[in-house]
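The block underneath contains the structure these notes are about, expressed in structure tokens.
Here is the naming used below: chain letters follow the sequence lines, and residue numbers restart at 1 for every chain. Note: hydrogens, waters and symmetry copies are ignored here, and every other heavy atom, side chains too, is used. Quantities reported herein were computed from a predicted structural model and do not represent experimental measurements.
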Amino acid sequence: MTTLPPLISGPTGTGPRAVPAGDPLIEFSGVGKRFRRTAGCYGLKDWLAQRVRRRGRETRATGWTDALRNVSFCLHRGEALALLGRNGSGKSTVLSLAAGVLRPTTGRVTIRGRVSPLLGLGAGVHPDLTGRENVYLNGVLLGLTRREVRARFGAIEAFAELGELMEQPVRYYSSGMLARLGFSVATHLDPELLIVDEILAVGDAAFQAKCYARIAEQRARGLTMLYVSHEVSTVLKLCDRVLYLQGGRVAAQGAPQAVCGRYYADQGLTLGPATSEPAMQGEAPCAS
Amino acid sequence: MRELLLVPDRLPFAVMLKHSPHRIEHARDLLTVLVLKEFRVRYKRTVLGYAWSVLQPLAFAVVYYLVFRRFIRVDTGEVGYTLFLVLGLFPWQWFNNAVAGGANALVVNATLIKQVSFPRVYAVISGLLNELLHFVLTLPIMLLFLFGSGGRPRLAWLWQLPLLLLVQALLTLGLALLAAAGNLVLRDLERLIGIGLLMLFYLTPVVYPPDLIPQDLKWILYANPMGCLVVLWRDVMINASVDLWILGLAVAWAVSAVAAGVVVFRRLEPRFAELI
């Protein structure tokens, strides 16, 4: 339906691609990430307090939280990896590290090739710009030139089906429309890595179906994907492998069916074996 | 051990060179979209839009004229007070907005910085380019006042004006980088900078001529980079003359500001996403 160049070695040249295809696109080895426990930045008051009782007890500002501990995994080219885990288990931290936004505290993150994905769909969207301007902003932030974005604009516009709204400030969009714009941009700008962070749930059924079709189409052409969703059914449908995080550690990784089953079991739920829909019978039974 | 390998930076030189036209085009486009965004966001839903950047200093000019010329009777010699004021006020306004905006440049773009890994320096530079653009657009107004009071265009401006633009642009770049990075570590810096700029305004000969400063306190003028620059701007506009000593001071200030700014910014850059 589009006449875009192939994803991995496009003649439009979205940056140097001299990396052998065999190496993993992203490699985490023994990665740990620690955050300061207070909001991250701290004010003059805290700073002075720290100076005054330097040798004293731990102050508020000196506490640390380990968001990730010793996480190792590989994401190969063309692979779709799902991150699974309860809220606060470190999924977002993994995404930020993979996107090159955060640096690891310990261990090593290797990012090969031009990976500057938008973290989550609609990440770089500014409410005061129109849909069109946001497409350009996102595209250029992702590493394309304006010319390259222009070449893809028609396809993006057609996919998003926003009509007149494309020329309106994004401020006036509903969350569903925002998801439409974000998804269209993210999947049409030839990312080497697509990060989908539970956003598809917002779109209507028809658009969701279209998105899954688009992902499948792009995956067939070699797109690498990091997928975060609590909807296990879509994980089973879209991903080759699952990484299950628990309290910042890798609890399990491997085939989707097995790892998803474990994830459900840990929460006292069961995963329906035949259908890809989770079997949830009323209240979650208590594990005894 | 702390490491992030970004393989493209380790590519053979030949490959880098082949892609450099793309890189340059991309850098230019990145600045364009960010400057445009900044411009759009600043004037969102305002009726007068860009005119505000002229109206604001002009409104202040009226008050300063009343207070310093009519009430306090500051004497600026042969140069009319209005012209004298305007020639100092517009460059000051540029400096003030650039530094104050610099402190906010990263905070304002927090969502982008947390979610996309583009070179962060562009967030600061795009803000500065916007301020530079605004100043260049107000230059005709300075000239209007100048020609209105009998001044005339000079040939020497061809090198003097770009030179002053460059020196002040470098100065604001250095200070904005410092302010932007520092403000993430210590959020109080934004307030401190606001206070500092107001104090500096009164220490800068914008509303009074520099010869009102007593000889033993003259160092305050030279210790202030904007003091030097305001003197230079007036001299160039009115007489097309440049005091080389003061120019040297201004250049030294600008270069040290850029050096300090780049060092601090690069040092803190990897931690921006978690500090913000």
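In this view, B/Glu190 satisfies the salt bridge (charged side-chain N to carboxylate O under 4.0 Å, His left out) rule with no residue, not counting sequence neighbours. When the ring-ring contact (aromatic ring centres under 6.0 Å, His included) test is applied to B/Phe39, the partners found at least two apart in sequence or on another chain are B/Tyr43, B/His134.
With a 4.5 angstrom heavy-atom cutoff, B/Arg191 does not touch chain A via any of its atoms. Neither the backbone nor the side chain of B/Leu189 comes within contact range of chain A; no heavy atoms are under 4.5 Å apart.
When each of B/Val33, B/Ile113, B/Leu34, B/Asn109 is scored by its heavy-atom pairs under 4.5 Å with chain A, the top score falls to B/Val33.
The shortest distance between side-chain heavy atoms of A/Leu68 and A/Arg249 does not fall below 4.5 Å.
A/Tyr173 does not carry A/Arg171 over the face of its six-membered ring by the limits of under 6.0 Å from the centre and within 45° of the normal.
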